[in-house]
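The block underneath contains the structure these notes are about, expressed in structure tokens.
We number each residue from 1, following the sequence as shown. Atoms considered below: every heavy atom in the structure, side chains included; atoms not considered: hydrogens, waters and symmetry mates.
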Amino acid sequence: SLKAIDLSKVTAVGSNAFYRVPLGAVDLSNVVTIGDNGFREAKGLSLIGDTSKIKTLGSMAFDNCHGIEGEVYFPSLTSFGTFCFRGCKFTKFSAPILTNTSNSAFTNCGNLESVDLPACTSLASYLFAENGTKNTVMKKLSLPSCTNLSNYSLNLFMNLEVLVLAANSVCTLGGVDAIRNVSPIRTGTGHVYVPAALIESYKTATNWSTLYAANPDIFQPIEGSEYE
């Protein structure tokens with residue numbers, strides 16, 4: 001079976017190209033796009049070289065690639081498809097120019113401790129979803145540009161204590177279960193940090209009002225906090 005291949009000069013990986021191929025380390029330093037199922041279930045796959053040129057990832061591009069661990073950084077990524085990173089073992093994920101997301105992309109990413117999406121304005125339904133693998137290590141999440149949290153978007157995070165929403169308008173909450181019901185934010189000990197000028201609006205906003213009724217201290221001002 002194929003376990004090694006030189007992709008150092010490849011710019012595009014087609015759909016199903018390495019579906020269930022037991023690859024080891026691959027160099028994607030010149031790859032710009034990866035199609036649907038490009039490396040799906042290539043469970044030994046690990047990444048070497050940089051991923052700075054990758055702009056688009058299809059659905060299930062890295063689905064259940066258990067060998068992708070540690071920190072992953074996609075500085076040019078503008079879109080990814082559904083279930084793109086399901087089951088990956090990385091601890092940190094960064095995509096600084098990504099603005100929108102797709103459903104279920106990070107399902108079962110139980111090792112995820114840090115997410116950096118500074119330009120992202122909308123989190124899709126079940127973006128971070130639990131389907132058999134729980135995440136208990138993510139405690140704090142900052143979404144400085146987010147204006148929409150779809151229902152179940154943060155469902156994966158069992159122990160989320162702090163959510164920072166810094167946009168200058170109230171972030172739409174698609175449903176109370178956007179935030180996991182057993183997380184500290186839902187059970188009364190966690191907080192959502194927002195601009196001070198918006199706190200009263202958050203208290204009466206759709207779905208946020210339900211969370212406020214259950215946890216009157218949920219909203220805290222960003223100003224003067226460590227998250228400013």
Side-chain angles (χ1 to χ4, degrees), residues 82-83 85-95 101-118 120-228:
T82 57
F83 295 103
F85 302 103
R86 176 172 56 178
C88 288
K89 304 297 184 182
F90 45 67
T91 56
K92 296 183 178 181
F93 181 90
S94 179
T101 57
S102 294
N103 296 354
S104 307
F106 296 94
T107 296
N108 290 345
C109 288
N111 294 347
L112 197 55
E113 299 175 4
S114 173
V115 173
D116 182 32
L117 298 172
C120 187
T121 59
S122 181
L123 267 59
S125 297
Y126 294 98
L127 176 64
F128 299 98
E130 180 262 315
N131 186 19
T133 299
K134 294 179 171 62
N135 180 301
T136 60
V137 294
M138 175 72 79
K139 303 293 182 65
K140 301 177 182 180
L141 178 61
S142 180
L143 299 168
S145 301
C146 187
T147 56
N148 179 67
L149 287 175
S150 300
N151 210 15
Y152 302 103
S153 56
L154 302 178
N155 176 262
L156 178 66
F157 303 130
M158 313 294 287
N159 290 332
L160 191 64
E161 299 172 354
V162 171
L163 177 61
V164 182
L165 299 171
N168 59 9
S169 61
V170 172
C171 179
T172 300
L173 189 66
V176 296
D177 289 322
I179 300 169
R180 188 68 182 240
N181 62 343
V182 297
S183 70
I185 292 174
R186 293 285 302 275
T187 59
T189 58
H191 302 291
V192 178
Y193 285 81
V194 300
L198 295 178
I199 287 180
E200 293 306 313
S201 296
Y202 267 98
K203 289 179 180 178
T204 59
T206 301
N207 294 317
W208 287 117
S209 61
T210 302
L211 300 188
Y212 170 66
N215 177 9
D217 293 323
I218 186 172
F219 299 116
Q220 298 293 319
I222 293 175
E223 295 85 349
S225 75
E226 62 183 286
Y227 310 110
E228 187 172 14

Query raised in the report: Heavy-atom distance under 4.5 Å between the side chains of Thr210 and Leu173, does that happen here?
Result: no

**Report entry** Heavy-atom pair with the smallest gap, counting every atom of Asn108 and Gly132
**Finding:** OD1-N, 3.7 Å

Requested in this report: Check whether any side-chain N or O of Asn159 sits under 3.5 Å from a backbone N or O of Thr136 as a donor-acceptor pair, and report yes or no.
Outcome: yes

Query raised in the report: Taking the side chain as C-beta and beyond, is there a heavy-atom pair between Asn168 and Pro195 under 4.5 Å?
Result: no

Query raised in the report: Taking it one step at a time, do Glu161 and Lys139 satisfy side-chain contact (heavy atoms from CB on, under 4.5 Å)?
Result: CA-CA 5 Å; Glu161 299 172 354; Lys139 303 293 182 65; 3.9 Å; yes

**Report entry** Sub-4.5 Å side-chain heavy-atom contact between Met138 and Glu113
**Finding:** no

Report task. List the steps, then state whether side-chain contact (heavy atoms from CB on, under 4.5 Å) holds for Tyr126 with Phe83. Result -> CA-CA 10 Å; Tyr126 294 98; Phe83 295 103; over 6 Å; no

Query raised in the report: Just checking, is any N or O donor in the side chain of Ser150 or Asn148 under 3.5 Å from an acceptor N or O on the other one?
Result: yes

Query raised in the report: Can you tell me how far OG of Ser104 sits from CG of Leu156, rounded to the nearest 0.5 angstrom?
Result: 11.0 Å

Report summary line: Here the pair of heavy atoms bringing Lys140 nearest to Glu226 is NZ-OE1, 3.9 Å

Query raised in the report: Parallel, tilted or perpendicular: which fits the ring planes of Tyr202 and Phe219, with parallel below 30° and perpendicular above 60°?
Result: tilted

Report summary line: Smallest heavy-atom separation, Ser153 atom then Ala124 atom, equals CB-O, 3.2 Å

Query raised in the report: So do Leu160 and Leu141 actually touch side chain to side chain, heavy atoms under 4.5 Å?
Result: yes

Requested in this report: Determine the minimum heavy-atom distance between Leu154 and Leu123, stating which atoms define it.
Outcome: CD2-CD2, 3.7 Å

Requested in this report: Apply side-chain contact (heavy atoms from CB on, under 4.5 Å) to Lys92 and Val115, showing your working.
Outcome: CA-CA 6 Å; Lys92 296 183 178 181; Val115 173; over 6 Å; no

Query raised in the report: Do Phe157 and Phe128 have ring centroids that are under 6.0 Å from one another?
Result: yes

Requested in this report: Evaluate side-chain contact (heavy atoms from CB on, under 4.5 Å) for Phe90 paired with Leu112, printing each intermediate quantity in order.
Outcome: CA-CA 6 Å; Phe90 45 67; Leu112 197 55; 3.7 Å; yes

**Report entry** 4.5 Å side-chain heavy-atom contact, Asn135 and Thr133
**Finding:** no

Quiz: residues 181-192 side-chain donor-acceptor pairs under 3.5 angstrom, not counting sequence neighbours:
from	atom 1	to	atom 2	distance (Å)
Ser183	OG	Arg180	O	2.8
Arg186	NH1	Val176	O	2.9
Arg186	NH1	Asp177	OD1	3.2
Arg186	NH1	Ile179	O	2.8
Thr187	OG1	Ser183	O	3.2
His191	ND1	Asp217	O	2.8

**Report entry** Min side-chain heavy-atom separation Tyr193-Ser225 under 4.5 Å
**Finding:** yes

Requested in this report: Compare every heavy atom of Pro118 with every heavy atom of Ala95, then report the nearest pair and how far apart it is.
Outcome: O-CD, 4.3 Å

Report summary line: So CG of Leu117 and OG of Ser145: to nearest 0.5 Å the spacing works out to 10.0 Å

Report task. Give a yes or no answer on whether the side chain of Trp208 reaches the backbone of Thr172 with a donor-acceptor pair at less than 3.5 Å. Result -> no

Query raised in the report: Any side-chain heavy atom of Pro221 sitting closer than 4.5 Å to one from Ile199?
Result: yes

Report summary line: dist Leu165:CG -> Ile222:CD1 (nearest 0.5 Å) comes out at 7.5 Å

Report summary line: Value for CG (Leu163) from OH (Tyr227), rounded to nearest 0.5 Å, stands at 10.5 Å

**Report entry** Val194 and Val170, any side-chain heavy atoms less than 4.5 Å apart
**Finding:** no

Query raised in the report: What heavy-atom pair brings Cys109 and Phe85 nearest, and what distance separates the two atoms?
Result: SG-O, 3.3 Å

Report task. With rounding to the nearest 0.5 Å, note down the distance linking OG1 in Thr91 to CG in Asn111. Result -> 7.5 Å

Report task. Could you point out which residue of Asn103, Thr107, Leu127 forms a side-chain contact (heavy atoms from CB on, under 4.5 Å) with Thr82? Result -> Asn103

